[in-house]
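Here's the structure we're looking at; comments come further down.
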There are 2 protein chains.
Amino acid sequence: MSSVPESLERLEVALTPQERFEEYLQSKGQRQTKPRKFLVEKIFAQHAHFDADELIEKLPRKGEPNYVSSATVYRSLREFVDAGLLNCFQLDGRTVYELDYGYPPHDHLYCTRCRKLIEFRSEELIATRDEAAAKHGFRVSGHRMLVSGVCRECSKNRRKKRKQDLV
Amino acid sequence: MSSVPESLERLEVALTPQERFEEYLQSKGQRQTKPRKFLVEKIFAQHAHFDADELIEKLPRKGEPNYVSSATVYRSLREFVDAGLLNCFQLDGRTVYELDYGYPPHDHLYCTRCRKLIEFRSEELIATRDEAAAKHGFRVSGHRMLVSGVCRECSKNRRKKRKQDLV
DNA sequence: TTGGCTGCAAAGGGTTTGCATCGCA
DNA sequence: TGCGATGCAAACCCTTTGCAGCCAA
């Protein structure tokens with residue numbers, strides 16, 4: 001639960017994440033449980049990118065009420081991705097999750113200085129992607145794009161710092 | 001050393017990979033050694049995507065001449081990336097390497113059926129990327145894009161299979 | 001009541017690291 | 001000749017898995 005993304009508004013959706021997950025579970029003959037409900041609630045309470053470890057740190061510790069073992073956290077995160085509630089991708093070797101249900105598709109700018117993830121949408125990117133794929137007779141099902149660089153704030157700070165250095 | 005990419009021709013470069021690496025080592029006060037030379041030779045002998053494990057399988061076993069320990073393979077691969085000889089990215093949890101020095105920048109189509117990686121170039125993609133980044137005051141240093149889907153061959157095979165199934 | 005879910009602990013896989021030795025520059 | 005590189009084995013990190021007991025449907 002590190003970086004809160006800029007931009008991107010929530011979409012209108014018919015079901016709450018809980019309801020949507022319930023539906024998914026029923027369709028697969030699986031069960032709604034206390035840990036699962038608790039995790040969905042916690043995760044959708046804020047819009048942020050996070051990995052399993054960061055999530056676990058925000059949860060009750062062993063012995064406290066609503067404790068969830070990390071095995072269950074890992075198992076649940078996979079369910080949530082299958083169910084379309086979450087998205088995940090690899091970043092610096094760790095698996096990063098983000099809310100998917102109720103949010104529009106997008107890509108990320110990744111600031112290598114402050115490690116912030118900034119979301120952005122680009123219809124043109126999709127068009128370009130499909131065009132390139134078509135040239136190879138490739139049927140696209142999706143993509144993952146990460147743009148690395150330095151964000152606005154970090155550029156400013158660096159500039160400020162340099163000016164100070166000169167004084 | 002699994003999939004040999006389609007398309008993409010080699011660029012003209014002034015130095016051989018060996019020479020280029022030599023230069024890099026000298027600039028950092030590091031040393032050219034037998035294992036390093038051997039690895040550069042092996043890797044640049046073919047143009048393919050590979051991970052550490054696949055590379056190790058192609059190398060001499062323990063006891064044979066030119067054996068290189070896997071610790072050294074891992075250490076060397078990182079050097080090669082630093083030196084600009086190789087590129088690496090994450091795919092299905094493993095680190096995949098590809099030749100960088102002497103090859104033009106590109107992105108990948110990834111067939112989820114046969115796991116083949118197809119390289120493609122798109123200037124428009126770069127333009128679109130930079131445009132999107134500019135809107136956020138983001139200074140781009142690079143990007144990584146992976147398009148998932150089904151390649152031409154797998155589409156054909158599947159169609160053929162379906163026809164057979166109907167007979 | 002039963003089959004799916006949980007917590008626990010142990011295993012797993014890919015990669016890194018500490019250390020004594022080796023070998024380039 | 002000194003410092004960087006190597007091989008070995010152990011450590012590491014993140015994640016998955018086997019199993020006995022638990023609980024939702």
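These numbers come from the heavy atoms of this one structure, side chains and all, not from hydrogens, waters or symmetry mates. Letters go in sequence order (proteins before strands), and every chain restarts at 1.
Taking only distance into account, the side chain of A/Arg31 meets the base of C/dG3 through a donor-acceptor pair shorter than 3.5 Å. Between the side chain of B/Arg75 and the base of D/dG7, a donor-acceptor pair under 3.5 Å is found.
With rounding to whole Å, B/Lys37 atom NZ is found 14 Å from D/dA5 atom P. As a whole-Å value, the separation of A/Asp82 CG from C/dC5 P is 12 Å. Rounded to whole Å, atom P of D/dG7 lies 14 Å from atom CD of B/Glu64. For the pair B/Leu39 CG and D/dA5 C1', the interatomic distance rounds to 13 Å; values are reported in whole Å. Across the protein-nucleic acid pair, A/Phe80 atom CZ and C/dC5 atom C1' stand 13 Å apart, rounded to whole Å. Distance CZ (B/Arg94) to C1' (C/dG12): 18 Å, rounded to an integer number of Å. If you measure from atom CZ of A/Arg36 to atom P of C/dT6, you get 5 Å, rounded to the nearest angstrom. In this structure, A/Ile56 places its CD1 atom 11 Å from P of D/dT16, rounding to the nearest Å.
Along DNA chain D, the nucleotide nearest to B/Ala71 and the one nearest to B/Glu79 differ in position, and the one closer to the 5' end is contacted by B/Glu79. The nearest heavy atom of DNA chain D to A/Gln90 and to B/Gln30 marks one nucleotide each, and the one closer to the 5' end goes with B/Gln30.
For the OP1/OP2 pair of D/dA24 and a distance below 4.0 Å, the side-chain nitrogens and oxygens of A/Thr33 include no atom meeting the criterion. Put simply, B/Tyr74 has a side-chain N or O that comes within less than 4.0 Å of OP1 or OP2 on C/dT15. OP1 or OP2 of C/dG14 has not a single side-chain nitrogen or oxygen of B/Thr95 nearer than 4.0 Å.
We find that B/Asp107 and B/Arg121 are not joined by a salt bridge, their nearest charged nitrogen and carboxylate oxygen being 4.0 Å or further apart. A salt bridge links B/Arg94 and B/Glu54; the closest N-O separation between the charged side-chain nitrogens and carboxylate oxygens is under 4.0 Å. Looking at A/Glu153 and A/Arg113, no side-chain N of the basic residue comes within less than 4.0 Å of a carboxylate O on the acidic one, giving no salt bridge.
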Inset, instruction - Take A/Asp92 and A/Tyr110, measure what side chain to side chain donor-acceptor pair (under 3.5 Å) needs, and give me the verdict at the end. - result: CA-CA 11 Å; A/Asp92 289 339; A/Tyr110 176 53; 2.9 Å; yes
